[in-house]
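First listed ligand is number 1; within each ligand, the first listed atom is number 1.
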Amino acid sequence: MVMVIVTTLLIIFVTVVLKVGYDTISCYWLTPMRIRKMMKKQGVHGPKPSFLIGNITEMTSLVSAAVSQDMKTISHDIVRRILPHFVVWSNQYGKRFLYWNGIEPRLCLTETALIKEFLSKYNSISGKSWQQQQGTKHFIGKGLLMANGKDWQYQRHMVAPAFMGERLKGYAGHMVECTKDMLQSLQNSLESGQSELEIGEYLTELTADIISRTEFGSSYKKGKQLFFLLTQLQTRCAQATRHLFLPGSRFFPSKYNREIKSLKMEVEKLLMEMIKSREDCVEKERSNSYGNDLLCILLDEMKKEGGSLNLQLVMDECKTFFFAGHETTALLLTWTVMLLATNSHWQDKVRAEIKHIFKGETPSLDKLSKLTLLQMVINEAMRLYPPATVLPRMVFEDIELGDLHIPKGLSIWIPVLAIHHSEELWGEDANEFNPERFASKSFISGRFIPFGFGPRNCVGQSFAMMEAKIILAMFISHFSFTISQSYKHAPVLLLTIKPKHGVQVCLKHLDP
Ligand code: HEM
C-alpha cells in the first residue's frame with residue numbers, strides 16, 4: 001500500500017517537474033525560435049538575440065550613448081537620440097525588423113497601411129503583453145490601459161461616458177479655475193523679481209491639479225497627496241523598465257520590492273478612503289447618484305451594470321486616469337511652450353487669434369473649436385514630441401496582416417516618434433517646426449497618431465484637447481515668453497519624452 005502511494009506521488013512529482021520544465025523551455029527557447037524562423041521565412045530579419053535577455057543590452061547601451069550629452073542646438077531631429085536602436089536596426093534590416101525585449105519578440109512596423117489595418121481590425125485578439133503589464137502593474141494595475149479582451153471591452157464601455165458630451169463639458173470650469181491659479185502664481189513670481197521660470201514644473205502641477213479636481217471633486221486635496229505618491233511609484237517602476245522581468249522576481253525581498261509595496265499600500269489606503277466616503281454619502285442622502293466627478297461617474301456606471309462594486313477595479317481606474325491623463329498633457333503643454341518660445345512669429349500669430357476670438361474674455365467652450373492656428377501648433381508639437389512614443393500590442397492569435405503571417409505571441413511595436421519624423425511621410429522638412437502642414441485636414445491618417453488609432457485609441461483625447469486649448473489660450477494671452485539662455489535642449493525617454501533639465505523661459509506680463 002505504502003509503495004503504491006509513494007509510486008503515485010513520485011509519478012505526480014515527475015509529471016509536474018516535466019511539465020514545468022517543458023513550459024519553461026517552450027517559453028524561453030522553443031517559442032522564440034519558432035517565431036524567429038517563421039518571420040525569417042517571410043523576409044523579416046533583425047539583430048541576433050542573446051538567451052533570456054534578447055537585445056536589451058544592445059538597446060540599453062545605444063540609448064545611454066545617445067543621451068549621454070545634451071543636444072548642441074535646439075534641433076527637433078530627435079529620433080536618433082530617443083530611439084537609436086530603431087535607427088540602427090531599420091538602416092540595417094529595413095522597414096520591418098524583429099528584435100527581442102528579453103524573451104518578448106517585437107516586430108517593428110512603420111508601414112501606415114498595415115498599422116491602420118492592424119489597429120482597426122485586430123483589437124479583440126491583440127493587447128498588452130505580460131511584460132508591459134508587469135512594468136506598470138504597481139501604478140496602473142488592471143485598469144483600462146492595461147486590460148485585454150472581454151475585460152477591456154467592459155471597462156471601456158464603463159469609462160467612455162465620463163469623457164463624452166455634457167459630462168466632458170462639465171470639466172471645463174475646473175480647467176479654467178485651476179489655470180487662473182497657475183497664472184496668479186506665475187504673476188507672483190514675476191512680481192517677486194523672478195522673470196525666468198522652469199515652465200514645465202508649473203504645467204505639471206497644473207495638470208495634476210486639474211485631474212485631481214475632475215477625478216475627486218471636493219476631496220481633491222487628498223487627490224493631490226495621491227498624485228505625489230503615484231509619481232514616486234511611477235518613477236521607481238520606470239527605473240526598472242529596462243531590466244529583465246523574470247517570473248517570480250516580485251517575491252524577492254529586495255529593497256525595490258519593499259519600497260514599491262509600501263508606496264502601493266499608502267496609495268490604496270487613500271483611494272479606499274475616498275471611495276468609502278462617497279458610498280457613505282450616497283447611503284446617508286439616499287441618493288441614486290454618487291455625484292459629478294470622474295470617480296462618481298465610474299461608481300454610477302458600475303452600479304448600472306449591476307452586481308457588487310469591484311473596489312480593486314475602481315482603484316485601478318483611478319490610478320490609470322492619473323497616469324494616462326496628467327503627465328501626457330503636461331508634456332504636450334511644456335513642449336508647445338518651448339516651441340512657441342523659440343518661434344516668436346507663431347507665438348504672435350496664435351496670440352492674435354486668441355484675442356480676436358475671445359476679445360480678452362475667459363475662454364468659453366463653444367469658441368474653442370475656432371482656434372484653428374492654436375490647434376495647428378498643438379498638432380505640430382504632438383508630431384515632433386509625441387507624449388506616447390511607441391504603441392506596443394501583442395497578438396494573441398495568429399493573424400494575416402497585409403502580406404505577413406503574424407504568429408501568436410509576437411508583439412507589434414509601432415514607433416510613433418519615428419513615423420512622425422519620417423521624411424518619406426512628411427517631406428524634407430520633417431524635423432522642422434512648421435504648423436502650416438496641418439492647415440489642410442487632408443493629412444493621411446495613419447502617419448499622425450499621437451492618440452493611437454482605432455477602437456483602442458485614447459479615451460481621454462477630447463478631454464486632453466479641451467484642457468490644452470484652455471490652458472494655452474489663457475497663458476498666451478497673459479504672458480509673452482522667450483526661451484532662456486540657460487535652456488539646454490535634452491529630450492529623454494522616461495516612459496514619455498521629457499526635457500531632461502526642464503524648459504526655462506523668460507516671461508513678460510502682457511496688459512489685458
Ligand atoms: C496629450 C495628451 C494625451 C496623449 C498624447 C494620449 C495618448 C494616448 C495613446 C497614444 C493611447 C493609446 C495607448 C495604446 O494604445 O497603447 C492612450 C490611451 C489612453 N488614454 Fe490617453 N493621451 C492623452 C491624454 C489622456 C487623458 C487626459 C486621459 C484621461 C483623463 C487619458 C486616458 C487614457 C486611457 C484611459 C487610455 C487607455 C484606452 C484604452 O486602452 O482603451 N489620456 N492615450
Side-chain angles (χ1 to χ4, degrees), residues 115 118-120 122-124 126-129 132-133 135-136 139-149 151-164 167-168 171 174-175 203-204 206-208 210-216 223 227 293-295 297-298 313 316-336 375 378-379 381-394 411-417 419-420 448-472 495-497:
I115 291 172
F118 176 64
L119 292 178
S120 48
Y122 294 113
N123 187 48
S124 60
S126 63
K128 308 300 162 96
S129 70
Q132 266 186 283
Q133 290 170 334
T136 53
F139 54 92
I140 295 185
K142 295 189 171 138
L144 180 61
L145 196 63
M146 284 298 139
N148 285 331
D151 288 342
W152 173 79
Q153 244 171 9
Y154 166 72
Q155 291 181 42
R156 180 88 185 197
H157 174 71
M158 194 177 67
V159 163
F163 293 101
M164 292 192 298
R167 278 174 170 165
L168 181 69
Y171 307 136
H174 292 311
M175 295 173 181
L203 294 167
T204 306
L206 171 59
T207 54
I210 290 175
I211 198 76
S212 299
R213 285 199 207 196
T214 353
E215 210 170 326
F216 302 115
F227 155 74
D293 57 41
L294 251 172
L295 172 59
I297 293 167
L298 213 59
L313 188 57
D316 287 352
E317 294 307 357
C318 288
K319 290 190 225 167
T320 300
F321 293 145
F322 252 116
F323 169 73
H326 119 267
E327 193 180 78
T328 42
T329 318
L331 286 168
L332 161 64
L333 294 167
T334 306
W335 288 119
T336 307
Q375 182 67 62
I378 292 175
N379 282 351
M382 283 195 293
R383 184 184 73 82
L384 290 169
Y385 297 88
T389 322
V390 294
L391 295 176
R393 289 276 198 289
M394 181 167 269
S411 268
I412 306 276
W413 191 77
I414 302 166
V416 178
L417 180 76
I419 293 167
H420 281 188
F448 182 59
I449 45 173
F451 292 106
F453 187 83
R456 200 163 184 172
N457 66 353
C458 175
V459 78
Q461 176 170 351
S462 306
F463 181 101
M465 277 301 100
M466 178 166 99
E467 183 179 8
K469 283 192 197 166
I470 290 178
I471 295 171
L472 287 168
L495 292 177
T496 42
I497 307 182

(request) Mind checking whether Leu391 contacts ligand 1 via backbone (N, CA, C, O), side chain (CB onward), both or neither, at a 4.0 Å heavy-atom cut-off? (result) side chain
(request) For ligand 1, find out whether one of its N or O atoms is nearer than 3.5 Å to an N or O atom of Asn457. (result) no
(request) May I ask you to identify the nearest protein heavy atom to atom 40 (O) of ligand 1, giving residue, atom name and distance to one decimal place in Å? (result) Arg456 NE, 2.8 Å
(message) Measuring only between side-chain heavy atoms, which start at C-beta, is Gln132 closer than 4.5 Å to Met394?
(response) no
(message) Please enumerate all residues that pass salt bridge (Lys or Arg N to Asp or Glu O under 4.0 Å) together with Arg383, with sequence neighbours excluded.
(response) Glu380
(request) Quick one: pull up CD in Glu215 and CD1 in Ile297 and give me the separation to the nearest 0.5 Å. (result) 11.0 Å
(request) Please report the shortest heavy-atom distance between Pro450 and Ala388, naming the atom on each side. (result) O-CB, 4.5 Å
(request) Under 2.8 Å from atom 21 (Fe) of ligand 1, which protein N, O or S atoms are there? Could you list them by chain and number? (result) Cys458 SG
(request) For ligand 1, indicate whether the residue Thr214 contacts it via side chain, backbone, both or neither (heavy-atom separation under 4.0 Å). (result) neither
(request) Measure the distance from atom 10 (C) of ligand 1 to every protein heavy atom, then report the residue, atom name and distance (to 0.1 Å) of the closest one. (result) Pro450 O, 3.3 Å
(request) Report the nearest protein non-hydrogen atom to atom 38 (C) of ligand 1: residue, atom name, distance rounded to 0.1 Å. (result) Arg156 NH1, 3.5 Å
(message) Classify the ring geometry of Phe139 against Phe323: parallel below 30°, tilted from 30° to 60°, perpendicular beyond 60°.
(response) tilted
(request) Evaluate the side-chain proximity of Leu391 to Phe453: yes if any heavy-atom separation is below 4.5 Å, no if none is. (result) no
(request) Looking only at distances, please establish whether an N/O atom of ligand 1 is found under 3.5 Å from an N/O atom of Glu467. (result) no
(message) Under a 4.0 angstrom heavy-atom cut-off, which atoms of ligand 1 come close to Thr329?
(response) 2 (C), 27 (C)
(request) Give the intermediate values and the outcome of side chain to side chain contact (heavy atoms under 4.5 Å, CB included) for residues Leu417 and Val390. (result) CA-CA 7 Å; Leu417 180 76; Val390 294; over 6 Å; no
(message) Students should be able to answer this: which protein heavy-atom is nearest to atom 1 (C) of ligand 1, and at what distance?
(response) Leu332 CD2, 3.7 Å
(message) Angle between ring planes, Phe322 versus Phe227, binned at 30° and 60°: parallel, tilted or perpendicular?
(response) parallel
(message) Rounded at 0.5 Å granularity, tell me how far CG in Leu331 sits from CE in Met382.
(response) 13.0 Å
(message) Give me the residue, atom name and distance of the protein heavy atom closest to atom 16 (O) of ligand 1.
(response) Lys128 NZ, 2.8 Å
(message) With the threshold set at under 4.0 angstrom, would you say Met146 reaches ligand 1 through any of its heavy atoms?
(response) no
(message) Could you check whether any heavy atom of Leu119 sits closer than 4.0 Å to an atom of ligand 1, since that is the contact criterion I want to use?
(response) no
(message) Can you confirm, on distance only, whether ligand 1 has an N/O atom lying under 3.5 Å from any N/O atom belonging to Thr320?
(response) no
(message) Let me confirm one number: the CG-NZ distance from Leu313 to Lys142, rounded to the nearest 0.5 Å.
(response) 10.0 Å
(request) Below 4.0 angstrom from a heavy atom of Phe163, which ligand 1 atoms are there? Numbered from 1 as shown, please. (result) 29 (C), 30 (C)
(message) Distance under 4.0 Å to a non-hydrogen atom of Ile211: what atoms of ligand 1 satisfy this?
(response) 30 (C)
(request) Take every heavy atom of Val159, measure it against each atom of ligand 1, and state whether any distance is under 4.0 Å. (result) no
(request) Supply the atom-to-atom distance Cys458 SG to Leu145 CG, rounded to the nearest 0.5 angstrom. (result) 9.0 Å
(request) Mind checking the CG-CD1 spacing from Leu333 to Ile471? Nearest 0.5 Å is all I need. (result) 5.0 Å
(request) Report the relative orientation of the aromatic rings in Tyr122 and Phe118; use parallel for angles under 30°, tilted for 30 to 60°, perpendicular for over 60°. (result) tilted
(request) Look up atom CG in Leu168 and atom CE in Met465, then write down how far apart they are to the nearest 0.5 Å. (result) 12.0 Å
